[in-house]
Structures are given as C-alpha cells and as structure tokens.
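For reference, the structure discussed in these notes is given below.
Counting starts at 1 for both ligands and their atoms, following the listed order.
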Amino acid sequence: MQSVAQALEIVLQNAKPLPARTAPLTTSVLGLVLAEDIASDLDMPPFDKAMMDGFALRVSDLRNGQAELVIIEEIPAGRTPTRAVGAGQASRIMTGAPIPQGADAVVMIECCETLANQKVRVNEPRARPRLNILDRAKEMRVGEIVLRAGTRLRPQEFGLLAAVGRTTARVQPAPRVAILSTGDEIVEPSITPGLGQIRNSNGPMLQAQTARAGADPQFLGIARDEPQHLRSLITEGLRRDVLILSGGVSAGKLDLVPGILEELGVRALFHKVAMKPGKPVLFGVLFGRDPMGSAGLETSQTLVFGLPGNPVSSMVGFELFVRPALRALMALPPGPGLVQATLTKDHPYRTDRPTYHPARLSWCDDAGWAVEPTAWFGSPDLRGLSPANAFVVLPEGDHVHRAGDRLPVLRVENDF
Ligand code: AMP
Ligand code: MG
C-alpha cells in the first residue's frame, strides 16, 4: 500500500501540462497560465500625455511660478492639438489628452484662474519642465515583451493584454474532466430515495471541486453496477483529459470499476493508499501514442481517478490527488497544500491510518495558523464538513493531541 506522499508522486509523474491552445480572452480563461510571450503593439502612452486637467504652457514664461497667458486652444482627451503653444500662450488641456507642441508642463486647474479676454492667470511655484506630463513610451515601447509565457492570468493581465491589442492568446487550457457516479443504489437528487437508495451527493460535489480547481467539469450521470452500462459511460469519460469515478472501486463483488478500466486499457498505478477516510483510491492512466509517431513514445491521454463512494472519502481523495493533478495539467504549482497549525483544544484520537479529519483552520495575526477539529463521525458524514474549511492530519496510533500541539493541515479553500 502506498503512502499519501508516494501516491501523490506517482500522480504528478503522470500529470504533465496539456498542449497549449489559442483562446479568446474572456473570463473563462481567468486563472489559466499564458503559453506565449506577449509583445506590445504600440508605445504606451502613444504620445506625451497630460496627467491632470489644467493648462499646457512653457515653464520659461513663468516668473516665480506666475504669469498671465493667452488661451489659444482647448484639448479634450481623444482630440489632437492643432496649435503649437508659443511664448505667452497656453492651451486648456484635459487628463489623457496629448501635449501640444511647444508646451513643456501642465499646471493643474486648481492653480489657474481664468480671466476675461481668453486669458488665464497661473500660480504654481513648483512648476518645472515635464510637470504633470507622462512621456511617450514611459510604460512600454512597441515590440517590448510585457508578459512572459508562464504568467497566470489575473484581472491586471486582462487589462494589460487589452492595452496591447490582444483579444486572444495561447494558454494552458483548463482540463476537461468527466465525472461519473456509480452504484445501483444511487438516485438523482430530485428523487425521494426508496428503501436502500441514496441520493447522488458526489456528482454535484465533485463538479464543484473541479470547477473550484479551475478545470472544466462535465457530469456523465449515474452508472448502474452492471458491466455494459459502466463500460459505455467509462468509454465516454476516457475521451476527456481526466475521468473521475465515485464508488465501485473497492473489493466488493459489485465493485466492477477496476476490472472494466483494465479491460479498456487503463493501466492502474495504485489502488490503495494508507489514509482515512478513503483507502481504496485508484489511479490509472490511459496511454496514447505519441502523435509524432515514429518513436512510439507513450503519452498519457486520460488520467483516471476511482474515488471511494462515501462522500467525505471522495472529497478528501479529490483534494489530495485530483486537485494537484489538475493544477499540473494547467502548468500550475501543486498548492495550496499543507500548513502547520496549532491545535486550539485537546483532541484524543485513535486511528490505524493517517486520518484527514474535518477541521476549522484560521489565521491569527500574532499566533499564526490555528486549527480546531470539527464534530464528525466518519466517511459518510457530509454535514460534519459544513463548519470545516480544511482537514487536520492526525497520525496513526493512539494519541492525546493536546491544545498547543502543532499538526499538519490540508487546506482546500482558495481564498485564504
Ligand atoms: P462504494 O464505494 O461504491 O462501495 O460506496 C460506499 C458508500 O458510499 C455506499 O454507502 C454508497 O451508497 C455511498 N455512495 C456511493 N456513491 C455515492 C454518491 N454518488 N453519493 C453519495 N453516496 C454515495
Ligand atoms: Mg458502490
């Protein structure tokens, strides 16, 4: 049986970034990684630009910052100046407008008093050449690389890409993830379960986890514990980058998933992990041929995760193995991962395998991470997850964990 760390290593060895694709720069690429260098198509700003509303003038006209000047033109943003500013002259200018020829400073409107006869009285003792002017190409020059491949697309990158005229870019695409629930007893959430039936919690939960990880979930439905039905839905799932199955992976008579995966060419790389909840976790790869052909190299075509059916097992299995894999496919580092946190109250616990126990993790400015296990009675107990935002890792054995002890905690939420 693998340890969690060994199992994760096997997963990551098989999760390489997907081929880059050109995509429109809509919010659906938010958080993805850029796969090309981006050069500016223009100087920014494209002209010497006024940074204030005021008057464009010649500093040499001022005595102790003062002068009375003749107003020769008004230049709103978006308009091109038509007249050069000569000695004794000024143009009224708005923020963002091009500086007219001849002017070498902008004095802000608050330091100016407009007089009768198209004149303005200026009083700005701090006036000096280039005051309130942003020089042409100060931000970037045409042809200059403004973003490198490997940059993650955040809102400011969207702004910058728009500024350099891009509406599409090469990105590391979001993996397409098929999700398949299995089990004769599983019914749609809209149905009132009959005797022995249980609603499909894992389908919606795994879709939400997939979306939270930045990937693209697609629910394939509920497969019956029957080879033909399972085979056809799994075949469909193997057309995606990743297939996640819930249920049917242990060693019971109706746990048909491992056999069918093998039959369909999926090579299982582990099937049990020393952890609780969720020991029977299967990870396999459907290998494809290198599209370049000749070398006959194998490339992984679909990563397959068989997670145990109990909802908390399924959730933990996803966070430990699927999420890091999805991030690797997107060329992101594994994160958010483990932090060490201080236990806030005594927690005696006995377990025969390292246990991922639902917990509430919080950050205290003076004391760092603090963690408190939440009330929870085991792998079917989804309710115990609601007050939790993390999993504290409890070592195997019989321990009285004391308030003040330090323990590793698996973070699962994005916004810490
Ligand atoms: P299995 O891994 O198929 O042996 O299932 C283990 C337990 O998890 C059983 O009690 C199942 O009823 C339950 N279970 C399996 N799939 C789901 C699901 N999609 N949603 C909620 N519970 C499930
Ligand atoms: Mg089952």
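Protein heavy atom at the shortest distance from atom 11 (C) of ligand 1 is Glu185 OE2, 3.1 Å. Residue, atom and distance of the protein heavy atom nearest to atom 1 (P) of ligand 1 are Gly248 N, 3.7 Å. Of all protein heavy atoms, the one lying nearest to atom 20 (N) of ligand 1 is Ser201 N, 3.1 Å. Counting protein heavy atoms only, atom 6 (C) of ligand 1 is closest to Asn310 N, 3.8 Å. Scanning all protein heavy atoms for the shortest distance to atom 16 (N) of ligand 1 gives Ile186 CD1, 3.4 Å.
Closest of all the heavy-atom pairs between Phe219 and Gly203 is CE1-CA, 3.8 Å. Gln89 approaches Arg83 most closely through the heavy-atom pair NE2-NH2, 4.3 Å. Nearest approach of Ala215 to Val177, heavy atoms of both residues: CB-CG2, 3.9 Å.
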Between Glu188 and Arg199, does a salt bridge (Lys or Arg N to Asp or Glu O under 4.0 Å) hold up when you go through it step by step?
CA-CA 6 Å; Glu188 297 288 356; Arg199 288 189 174 120; over 6 Å; no

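Backbone and side-chain nitrogen or oxygen atoms of Gly309 are examined, and one is located within less than 3.5 angstrom of a nitrogen or oxygen of ligand 1.
The backbone and the side chain of Asn200 each have at least one atom closer than 4.0 Å to an atom of ligand 1 (non-hydrogen atoms only). Both the backbone and the side chain of Asn202 come within 4.0 Å of ligand 1, judged by heavy-atom distances.
Side-chain contact between His357 and His347 is present, with at least one heavy-atom pair separated by less than 4.5 Å.
The main-chain N or O of Ser313 is never found under 3.5 Å from a side-chain atom of Asn310 such that the two would form a donor-acceptor pair.
Of all atoms in ligand 1, listed by their number and element, those nearer than 4.0 Å to a heavy atom of Ile198 are 12 (O), 22 (N). Listed by atom number, the atoms of ligand 1 under 4.0 Å from Arg199 heavy atoms are 20 (N), 21 (C).
In summary, Lys276 and Asp352 engage in a salt bridge, as defined by a charged side-chain N under 4.0 Å from a carboxylate O.
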